[in-house]
Peer 1: 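Before we start, here is the structure in question, set down as structure tokens.
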Amino acid sequence: MTQVVHVPLEDRAYDIHIGRGLMGQAGALIEPVLQRAKVAIVTDNNVAPLHLHRLKEALQSAGIAHAALILPAGEATKSWTHLSQTIDFFLNEKIERRDVVIALGGGVIGDLVGFAAAILRRGVRFVQIPTSLLAQVDSSVGGKTGINAAQGKNLIGAFHQPSLVLADIDVLDTLTPRDFLAGYGEVVKYGLLGNAPFFAWLEKNGPALIAGDPAARSEAVRVSCQMKADIVVRDETEQGDRALLNLGHTFCHALEAATGYSDRLLHGEGVAIGCALAFETSARLGLCSQEAPSRVRAHLKAMGMKTDISDIDAAMPEPEDLFSLMGQDKKVVAGQLNFIMARDIGQAFVTADVSEAVILSVLEASMDPRSA
Ligand code: GLY
């Protein structure tokens, strides 16, 4: 059964459809948002052989003309070069101001195509068809789009909401277990930041999610999207509450920078470690009991996930150097680094009041957990 999460953003409102077999129904689902029966699709060379033919067939059977651009897979595609290639493709395909373009892929394709859509002819509409768990529960929803700069990730971009999101649960079957678990890091984040019953549900249903149970997967994606939608509606451009979605991300960005944004640490793996460290920091600051970080770690470990810096298979810089990498974070305001801390599972909040000494002690212990 398909579930729909509505994102009520006034004239930018849209639906997120979550369920099985949506790729095969894409033509019929997309048709209502079109003003003429023509779209342009952008995907990557990992996703194209798996899913592009089914999307094309679905568009064909709904009588929607389409052309596709296949870009190289990987983070390096979020670049000026591929943005310009994407814009050229849309212009050559004569995509007009009222037309719709489609992002078929994970977070990289979604962010790049969303940004291209934001700037093409001062903004065309776009549909997200996310093919990774991470994209289904996070990056395809909420309108953050962009590319990377030499100075850092996601530094060039725009808020541009999609017109429709199709999260087909069946495509998750094509993910490697490692990629699925990396996306699961973002799912756990929602429970930790604001929904303790959902975290308890994940503790119980995590094994079914890994085993591929479609009903459990659908429910996890639905709750995650609903939580993200609620936060985005309260704070679309991250003036306040939306920062809660960055739980674990300040630690994560430092760890990603230290590992050269390579596959030694996937983003969602860094988020999981970051969440464990954020709860550990909260406990050391006396904000929550030690039971909370222990429970976070126990669940992540039970799912076979990394929970500590020592679990990353790479040489790491000293804690002081990791701390200064945290200072490069986009969430620095007037030179002040903000942290997402927690009073308990499901009770996160934003604060600048975290001492460097406590962070250093948490980083040190996580590099050698036996010393903690
Ligand atoms: N991924 C965090 C956000 O969309 O705000």
Side-chain angles (χ1 to χ4, degrees), residues 5 7-9 12-14 16 75 78 103 105-115 117-118 126 128 130-148 152-162 165 167 179 182-195 220-257 261 265-275 278 326 328-333 337-342 348-350:
V5 171
V7 188
L9 279 169
R12 297 168 324 291
Y14 55 97
I16 306 162
E75 191 68 32
K78 275 173 68 170
V108 167
I109 290 294
D111 285 6
L112 172 83
V113 176
F115 186 39
F126 77 115
Q128 290 269 23
T131 56
S132 67
L133 179 59
L134 187 135
Q136 292 193 351
V137 299
D138 183 39
S139 57
S140 71
V141 175
K144 278 191 182 173
T145 71
I147 58 172
N148 300 329
K153 275 179 79 170
N154 297 326
L155 294 182
I156 304 146
F159 286 101
H160 186 54
Q161 299 293 340
V165 181
D179 281 328
Y184 187 74
E186 296 277 4
V187 175
V188 172
K189 178 194 79 175
Y190 288 105
L192 296 178
L193 76 87
N195 192 336
V221 174
R222 183 193 68 78
V223 176
S224 301
C225 287
Q226 185 66 62
M227 287 193 66
K228 179 147 189 186
D230 291 346
I231 291 174
V232 167
V233 166
R234 285 204 303 275
D235 178 21
E236 186 179 2
T237 57
E238 201 167 312
Q239 307 303 311
D241 266 12
R242 187 164 179 162
L244 295 175
L245 295 171
N246 297 324
L247 175 64
H249 282 61
T250 306
F251 288 103
C252 169
H253 290 156
L255 297 173
E256 284 184 292
Y261 301 99
L265 182 71
L266 303 180
H267 176 71
E269 294 173 332
V271 170
I273 296 174
C275 286
M326 292 169 90
Q328 308 286 340
D329 200 276
K330 279 201 300 309
K331 292 178 291 303
V332 174
V333 179
L337 187 53
N338 284 320
F339 288 89
I340 319 299
M341 294 286 114
F349 65 100
V350 185

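In listed order, ligands and their atoms are each counted from 1.
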Peer 1: What is the nearest protein non-hydrogen atom to atom 4 (O) of ligand 1, stated with its residue, atom name and distance?
Peer 2: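 Protein heavy atom at minimum distance: Lys228 NZ, 2.6 Å.
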Peer 1: Give the residue and atom name of whichever protein heavy atom lies nearest to atom 5 (O) of ligand 1, and the separation in Å to one decimal.
Peer 2: Arg242 NE, 2.7 Å
Peer 1: Show the numbers, then the answer: is there a side-chain hydrogen bond (donor to acceptor under 3.5 Å, both in side chains) between His267 and Glu186?
Peer 2: CA-CA 9 Å; His267 176 71; Glu186 296 277 4; 3.2 Å; yes
Peer 1: Name the residue from Glu236, Glu238, Gln161, His160 that meets the side-chain hydrogen bond (donor to acceptor under 3.5 Å, both in side chains) definition with Lys144.
Peer 2: Glu238
Peer 1: Is the backbone of Gly240 close enough, under 3.5 Å, to the side chain of Asp235 for a donor and an acceptor to pair up by distance?
Peer 2: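 Pair found, side chain donor or acceptor close to backbone of Gly240.
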Peer 1: Between Ser224 and Gln226, is any side-chain donor less than 3.5 angstrom from a side-chain acceptor?
Peer 2: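 Side chains of Ser224 and Gln226: no pair found under 3.5 Å.
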Peer 1: Just go through Lys144, Glu238, His249, Glu236 and tell me whose heavy atom is the nearest to atom 2 (C) of ligand 1.
Peer 2: Lys144
Peer 1: Report the part of Asp138 (side chain from C-beta onward, or backbone N, CA, C, O) that has a heavy atom under 4.0 Å from ligand 1; answer both or neither where that applies.
Peer 2: side chain
